There are 2 protein chains.
Amino acid sequence: MSERDLSPTQQRTRAALLRAGIEVLSNDPSAPLGEVASRAGVARSTLHRYFADKTALTAAITEFVTAEHDDALHRADLTEGTGLDALRRLALELMDRLDVLAWFLGPALLVEGLHSGSIDDMTGEPDPAVLDAAARGIADGSIDPALSPQWCESFVWSVLFSANHAPAASGMTTTEARSQAMRSLLKALAADPAAVR
Amino acid sequence: MSERDLSPTQQRTRAALLRAGIEVLSNDPSAPLGEVASRAGVARSTLHRYFADKTALTAAITEFVTAEHDDALHRADLTEGTGLDALRRLALELMDRLDVLAWFLGPALLVEGLHSGSIDDMTGEPDPAVLDAAARGIADGSIDPALSPQWCESFVWSVLFSANHAPAASGMTTTEARSQAMRSLLKALAADPAAVR
DNA sequence: CCGAAATGAAACATGAGCGTCCTAAAAAAC
DNA sequence: GTTTTTTAGGACGCTCATGTTTCATTTCGG
């Protein structure tokens, strides 16, 4: 009861609402629903016709973003090549979806809107595939053995966060931020940082 | 009208409220004020006696955290030594204050609670002293010339963010996270990453 | 121990966002 | 061009956090 069984028209408005929800709620999780609606170019009542609750909206958004994340994970093909190369491909894929994945960098880290609003629930998403790739990288000598797989994953997201906010915060362009982010990421993770072109 | 002219008793409750405010509101900026009060072990009316508005509370918190940040900046003595060493000292000082500086890593980045709640207001705090140190590091050959000063600063905060959340997200200890964070930071920024012990 | 200061607890009015519902208008499908 | 679908634009009651006020109680200072 989430996506199919919708007319083409409905699918587009639904998609617009999800996009708007990500844009608005990523910057201010407590923003009124009316703001999401107007951002989507839609009346508040219409939003409510597609998503009953605010929780229903956030759940749908999370589902949507998760799908995008899974797609990135799939295309990165983490089981291929050295561990470092896998994480490099992953970071590149994730960067191409930063506008959507901002959802994971904003409210999801703090509120984790799905279930509860409680404090200290498991923030972020420790993905086993990423942990495996990092562990493999440490084993195959491509990733710095002084780093733990958990840190590697956390660090990847940290760099993505910076790459996403740096353009707005300081005055650098998106491409500048991304290239420097990739360089910083690889140098930090590599067992042999000098080999980073 | 902010801190002095307070009895010792009042100073302690005020400090407790600020601490509680940081703890609670950093994780959920839209948390009820009653939650802040109870966290401080104080009645909601008492909180309101110290801070009229919610904006007054957040402003006082920001002032308090900013003071702590300035102190870290002072102790780091950014004008001393190479640029990379300066940033290293800065990161260490900031890490010792992560519990307080979490305020800058959470709501302040998104809501920037002081003035408006609008979107795309200047997120974060581009500090000229840090930019200068980074620029000096690039000039003196200690910092990777492929990185811009703006990115260096953004990256420092990014790593701090990760060091703060990694323990909760994955299962690593605080000391693990901090040591790996420092290593990652230095390797990424250094012009000669191999020289990082 | 006693006056002053500080707090706890509760009641209260207010406003904002939410969720529901309804009707006329617009847009799409045929 | 007509029918069906989808939307806009409200009105409405509800909940909840907020901010204010008052009064009894506790704690502090000398």
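Letters A, B, ... mirror the listed sequences (proteins, then strands); counts begin at 1. The structure presented is a predicted model; accordingly, all values stated were derived computationally and were not measured.
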Contacts under 3.5 angstrom, residues 44-52 of chain B side chains, donor-acceptor by atom type, not counting sequence neighbours:
from	atom 1	to	atom 2	distance (Å)
B:H48	NE2	B:A52	O	2.8
B:Y50	OH	B:T13	OG1	2.7

**Report entry** For B:D85, side chain to side chain donor-acceptor pair (under 3.5 Å) partners two or more places apart
**Finding:**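 B:R88.
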
Query raised in the report: Excluding sequence neighbours, so at least two apart, what forms side chain to side chain donor-acceptor pair (under 3.5 Å) with B:W157?
Result: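 B:W157: no side chain to side chain donor-acceptor pair (under 3.5 Å) contacts found.
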
Query - Check: B:M182 and B:V159 side chains under 4.5 Å, non-hydrogen atoms - result: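 B:V159 vs B:M182: side chains apart.
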
**Report entry** Flag if over 12 foreign heavy atoms under 6.0 Å of CZ, B:R19
**Finding:** no

Expressed in angstrom and rounded to an integer, what is the separation of [X] atom [atom1] from [N] atom [atom2]?
X: B:L6; N: C:dA5; atom1: CG; atom2: C1'; answer: 13 Å
X: B:Y50; N: C:dA6; atom1: OH; atom2: P; answer: 7 Å
X: A:D5; N: D:dT6; atom1: CG; atom2: P; answer: 12 Å
X: A:Q10; N: D:dT5; atom1: CD; atom2: C1'; answer: 8 Å

Report summary line: A:H69 and A:L94 have their tightest heavy-atom pair at CD2-CD2, 3.9 Å

Contacts under 3.5 angstrom, residues 129-142 of chain B side chains, donor-acceptor by atom type, not counting sequence neighbours:
from	atom 1	to	atom 2	distance (Å)
B:R136	NE	B:G81	O	3.4
B:R136	NH1	B:L78	O	2.9
B:R136	NH2	B:L78	O	3.0
B:R136	NH2	B:E80	O	3.3
B:R136	NH2	B:G81	O	2.7
B:R136	NH2	B:T82	O	3.4
B:D140	OD1	B:S142	N	2.8
B:D140	OD1	B:S142	OG	2.6
B:D140	OD2	B:G83	N	3.0
B:S142	OG	B:L84	N	3.2
B:S142	OG	B:G137	O	3.3

Query - Degree of bending in the helix from C:dC1-D:dG30 to C:dC30-D:dG1 once both end axes are built from five pairs, to 10° - result: 50°

Query raised in the report: Is any side-chain N of the basic residue among B:D144 and A:K187 closer than 4.0 Å to the acidic one's carboxylate O?
Result: yes

Query raised in the report: Hey, does A:F51 reach any base, or is it just sugar-phosphate, or nothing, if we go heavy atoms under 4.0 Å?
Result: nothing

Query raised in the report: Are B:T13 and C:dA6 close enough that a side-chain N or O sits under 4.0 Å from OP1 or OP2?
Result: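 For B:T13, the contact criterion (side-chain N or O under 4.0 Å from OP1 or OP2 of C:dA6) is not met.
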
Report task. Using a 4.0 Å heavy-atom cut-off, write out nucleotides 12-30 of chain D from 5' to 3' as B (base contacted by protein), S (sugar-phosphate only) or - (no contact). Result -> -----SBBB-------SS-

